Structures are given as C-alpha cells and as structure tokens.
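To start, the structure under review is shown below, and the notes come after it.
Both counts, for ligands and for their atoms, begin at 1 and track the order of listing. What you are looking at is a predicted structure, and each value in this text was computed from that prediction instead of being measured.
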Amino acid sequence: MCSVVNFNINGYHYKLPIIYGTFYEKAINISQLRENTGFITFDPGFKNTGITKSSISFIDGEKGVLLYRGYPIEQIINKCSFIETSYLILNGELPNTAQLKSFSEKIKKFNSIHKEINQILDKIPNFYHPMGILSSLTYILDIFINCLQEEDMYLHLLAKLPMLAALTYRKKVGLPPSHADDHLDYISNLLKMFFSIPNKSYEQNPIISDALNKILILHADHEQNCSTTTVRLLGSAHTGLFSSISAGMSALWGRLHGGANQAVIEMLETILKNGGNITKWIEKAKNKKDPFRLMGFGHRIYKNFDPRARIAKKVAENLIKKLRISDPILELAKNLEEKALQDSYFIEKKLYPNIDFYSGIIYQSIGIPKDMFTVMFALGRLPGWMAHWKEMKLNRDPIGRPRQIYIGYKKRNIKN
Ligand code: SDX
C-alpha cells in the first residue's frame, strides 16, 4: 500500500502522506497542504473530507454495513438492550453483568430533575416544537448539574433526557408531569413516564417496549452525521457537554437530517389524502423543477440499502401485526419503496430508503405524535453524541475552523 501521494502544481513536485483506516479506507492527509503548496481544498458539505479519526462506528455505504465498536448492527439489535448499546458506544466494550448492573443503577441515581425545570417548562408556550423545547431544557440542565466526575455527566444525560422528552410530550397532551420508576428497566421506565395516566396503573406492553428498544438502538450512532459533527465542533471549542448536545439537537431537527422522520409521515399522509397515486409522487420527486423530494430516501453515505432501514421495516411490520393495527401508511410506504426501487432515477442515483423511512411508522404505532419523532431520534442518538464529544477530547482535536474561498468585493474605501 502506498504511503504518500505525489503531485505537481505549476511545475513544483509535492508529496503528502496517506493514512489508512481499519478497513483500508484511505485518506490523503492534507493538514500541511496550505503550508507546503499555498492551496486549500474545496469540499462543500464535506462530501470528501474526513474531520477526525474515530473508533466508535463504521459505515460501509457501498455494502450497506454499520458497525458499533466493531459489532454489526444486525447482531446488536438481536442481542443487546439500548442501555447495553449505550455502554458499548460510550466505553468501547459491551458490559459484563456487573458493569451493566452498576451502569443501570448509576443512571437511576440521577433520574430526577430540579423543580425549576418544570417551572420553566410551564412557561414555554404549547405551540413550541418539542425539539426546540428539548434543546432548550438540555442547555438549561447545565445550570443544575455540577459533576465532579466526567462520567457522571453522561449518566445524568442518559437519565434525564427521557424525562425531559416525557415532560415535553405530557405538556403537549395536557397530562401532569410524571416521575421515573426505579423498579423498571430503561425502556419500560421511558414508556411509563410518557404514557402513564394519574391514578391508573400503567400496563407495560412487551411488544411496544421491544420495538422501542430496537428503534433507539438503530439510532445510537452513525459516524460524522450533521448533528454529531456539530457536537464535536462545539466540543472542540471547549463548549460544555450539555450545550454541545443541545446544539446537536438543533442540527438534528433539520428536515434533511433527523427531521425527516416527521416529514416522511407527513409526505405519506399527503399522498394518501390525494388519492394514493404513487406514480404521480415519484414523478414529482424526479422532477428537478419540483421542490418535492421523496423524504426518507437517499443518503450521503449509503449508496446501497441502509441496514437500519431494513431492520426498521421488519420492526414496523412485526409491531403492526402484533398490535393488530390496520395502518394504510405502512402499506403505502412499502408500495412506494417497491415502486421507487424499480425506477431508473432512484437506481442510477443509488437512492434507497434510509432509517427515517420506517422509523416514523414505528413511533406512530407506539403512540408518539409526529412532532415528537425527532425527539425520539435524539434519545437514540444521545450515546453517540456523548461518545464523540468524549473522543474529541481524548483525540485532543484542534478547534474546528474551516477555511473558505472568498469571492466578495476587492478592497474598497467608504466614500466620504
Ligand atoms: C439522516 O448522515 C447521516 O448519517 C444521517 C442519518 C443519521 O443516522 O444521522 O442517517 C440520518 O439524516 C438520514 C437522511 C434523512 N433525510 C431524508 O430522508 C431527506 C431526503 N433525502 C435527501 O434530502 C438526500 O438524499 C440527503 C440529504 C439525505 C443526502 O443528500 P446528499 O448526499 O447531499 O445528496 P444530494 O442532495 O446531492 O442528491 C444527489 C442526487 C441529486 O440529484 P442531481 O442533482 O444529482 O440530479 O440525488 C437526488 C438529488 O436531487 N436526490 C433525491 C433525493 N435524495 C437525493 N431525489 C429525490 N428524492 C430524494 N430523497
């Protein structure tokens, strides 16, 4: 394998080192490029740019592979809980029984929030989008939490984010705040905090908790996606963990990123409401003059099936069958996927369903309202965001500060 790349500019010869990853993905190390050649690179959207070395997750977009700390997502989804997956992503190894017990107990130790959070939540108008509420409350958490141990910060967030999400949901639907139940596992506690009704016992449904466990695992980490890179960028400026995570939530909220799960259901409902003519909507998605895009389709990295979409589709089918829900949206989604994958536009552009295409159907079947879908995505992505923030510090990544190509005015003087 070559270790340098040689090139000439204006008759001068240069060489730059090549670095290789675990699976021999290769990169030209351009950290000395400008110093040596006076040139910078130009790569809007960082489509060809690696910003760090990471060992947390790995995606092979051509083969549709996703590994968390080396373990294939297909194995994790069947053998691990979301809390075990969170431990793996944060610490690099799967926990043994004692480690898992201690991790879960420490999280329970932090599963309360200050009364001021509820008072602040009361003041937030009901029309605020849940992602805006969650991001704001996450930032505010910083005021109330003074951790001596860095690890406790991660545990506080794993404990408190589901509480903030549940409080946000309950505020929207007019239910009083709920509290954590230490006798329950992470997922059962999350569901009870969301859906329990005062003075009534909450009956857990293992079908629903299994589906929620799986869909949170599917979201746990995904290399340098927009929101994770946002968290790393803030961390590189030595911004605190809570503020960095809060900013990551705001990045996730975007319709092209984590907001797509809500946009998918809205798209499917619109198609259904307008007669369900799939061909018409696929033609709209292909029409450059039409701003309509097939939400939940396409991915910057996956040019093959998103393995998470395959799993999410099975979880959705299984959930709907076992809950005996007749959901025309799922049928429409499957027909739309089938039709799009036979269309040359989607085949040539390698546009496949991504995680967001089916995740909304799962959330909706569990009883989560559309505008809370991205909140659920954030709950799943939390371990990944925190692991990247932690790794950025361990890597001692320099403050992120890209350059630009200036195309504005030449130097000019203000006229007197
Ligand atoms: C997530 O990065 C991650 O890992 C993200 C994520 C994670 O886990 O963190 O996986 C989660 O964000 C998944 C993506 C959710 N977003 C959507 O489903 C929104 C719809 N998808 C598109 O907006 C788009 O596919 C993106 C944003 C996902 C990817 O955009 P890229 O990589 O910048 O690709 P592009 O927009 O340049 O598209 C390439 C071509 C274009 O056509 P041409 O200009 O080359 O002729 O494909 C077309 C696009 O018009 N295209 C689509 C399309 N997606 C891309 N055409 C119709 N429908 C689509 N959905």
Hey, does the Lys NZ or Arg CZ of K192 hover above the aromatic six-ring of F194, less than 6.0 Å from the centre and inside 45° of the axis? no
Can you confirm if the aromatic rings of H257 and H222 lie within a centre distance of less than 6.0 Å? no
Give a yes or no on whether a salt bridge exists between K390 and E150, defined as a side-chain N under 4.0 angstrom from a carboxylate O. no
Around ligand 1, what residues show up once you keep those with a heavy atom under 4.0 Å from it? K47, H222, N225, L256, H257, A260, A285, K288, R293, L294, M295, G296, F297, G298, H299, R300, R308, Y345, K349, L351, N354, D356, F377, R381
Looking only at non-hydrogen atoms, find the nearest pair between E84 and K79 and report the distance. OE1-O, 4.0 Å
Would you please say whether a donor-acceptor pair under 3.5 Å links the side chains of S135 and W253? no
To the nearest 0.5 Å, atom CE of M249 lies from atom OG of S136 at 10.0 Å
